[in-house]
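Any value given below was found using the heavy atoms of this structure, including those in side chains, with hydrogens, waters and symmetry copies removed.
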Amino acid sequence: MERVRRGRQRQVGGVPGKVQGTIAIWQAHPEAVEADLIERHYDIADVLTGRRSWRWLRVFIEHLPPESHTMTALRNGLTPQQLAEQADKGEPEKAPWSQQEQLLASAVDAVRHMEWTLICLNVDKKSKRPDPPEAMRRPGAGPRKKAQLTNKSANTLFELLQGGAA
């Protein structure tokens, strides 16, 4: 493999700097990074030879759309635990989706909900109704866990329904 021009090797607060992080992304997913560069008429050789800086590549990667090859490779490389952490603290409505993508996801959710409502209306009263549909998954967020009713919360709910104070 060719020698990679890395610039100064420094760490900030014991954590590798941004250049080292960019190099790590490139080394972990070289085909994805190169595919994104080629689609936008750039060449990785410009970075490797010093005509473009590693900072330029970092900024390029940071501003790629979620559906890019690099962002897809990074997402696919997440462990289930990392995905769950992102789901717990994620705010998919703030994800870099276009307005068109947000509206399309909302329309899909509405159609699924209308279909579920129609099924529920046309099922015999004694039959088991299907579970409501889950919302369409947004980038950066895993599936949501359903809330579980604990004994304590069930007792509190029972007391409230009986007119007592919780």
Check the surroundings of atom CD in Glu115: do more than 12 heavy atoms from other residues, nucleotides or ligands lie under 6.0 Å from it? no
Measure the CG-CD1 distance between Leu74 and Ile61 for me, rounded to the nearest 0.5 Å. 7.5 Å
Can you sort out the partners of Thr70 under side chain to side chain donor-acceptor pair (under 3.5 Å), two or more places apart, ordered by chain and number? Asp36
Compile the donor-acceptor pairs under 3.5 Å between side chains in residues 119-129 and protein atoms, sequence neighbours left out, one pair per line.
residue : atom : partner : partner atom : Å
Asn122  : ND2  : Leu118  : O            : 3.0
Arg129  : NH1  : Asp124  : O            : 3.4

With sequence neighbours excluded, tell me which residues meet salt bridge (Lys or Arg N to Asp or Glu O under 4.0 Å) with Glu62. Arg58
Tell me if a side-chain donor or acceptor on Gln27 pairs with a main-chain N or O of Ala24 at a distance below 3.5 Å. no
Return the set of residues passing side chain to side chain donor-acceptor pair (under 3.5 Å) with Asp43 (not counting sequence neighbours), or none when no residue passes. none
Just wondering, do Leu37 and Leu57 contact through their side chains at under 4.5 Å, heavy atoms? yes
Is there a side-chain contact between Glu34 and Trp26, using heavy atoms and a 4.5 Å cut-off? no
Acceptor/donor pairs from residues 106-114 side chains to any protein atom, 3.5 angstrom cut, sequence neighbours excluded:
residue : atom : partner : partner atom : Å
Ser106  : OG   : Gln102  : O            : 3.1
Asp109  : OD1  : Met136  : N            : 2.7
Asp109  : OD2  : Arg138  : NH1          : 3.0
Asp109  : OD2  : Arg138  : NH2          : 3.1

Using the side-chain contact (heavy atoms from CB on, under 4.5 Å) rule, take Arg40 and Phe60 through it: C-alpha gap first, then chi angles, then the decisive distance, then the call. CA-CA 10 Å; Arg40 290 155 181 87; Phe60 177 84; 3.5 Å; yes
So CD of Gln81 and CG of Leu78: to nearest 0.5 Å the spacing works out to 11.0 Å
Look only at the side chain of Ser68 and the backbone of Leu64, and say whether a donor-acceptor pair between them is shorter than 3.5 Å. no
Checking Arg75 side chain against Glu67 main chain: does a donor-acceptor pair fall under 3.5 Å? no
Within the side chain of Trp116, is there an N or O that forms a donor-acceptor pair under 3.5 Å with the backbone of Pro130? yes
In the structure I gave you, are the side-chain heavy atoms of Val19 and Arg55 within less than 4.5 Å of one another anywhere? no
For Trp56 and Tyr42, what are the C-alpha separation, side-chain angles and deciding distance, and is it a ring-ring contact (aromatic ring centres under 6.0 Å, His included)? CA-CA 11 Å; Trp56 177 88; Tyr42 295 112; 4.9 Å; yes
Partner residues of Glu39 under the side chain to side chain donor-acceptor pair (under 3.5 Å) criterion, sequence neighbours left out: His69
Out of curiosity, Asp46 CG to Arg51 CZ, how far, rounded to the nearest 0.5 Å? 4.5 Å
About how many Å separate NE2 of His29 and OG1 of Thr72, when rounded to the nearest 0.5 Å? 10.5 Å
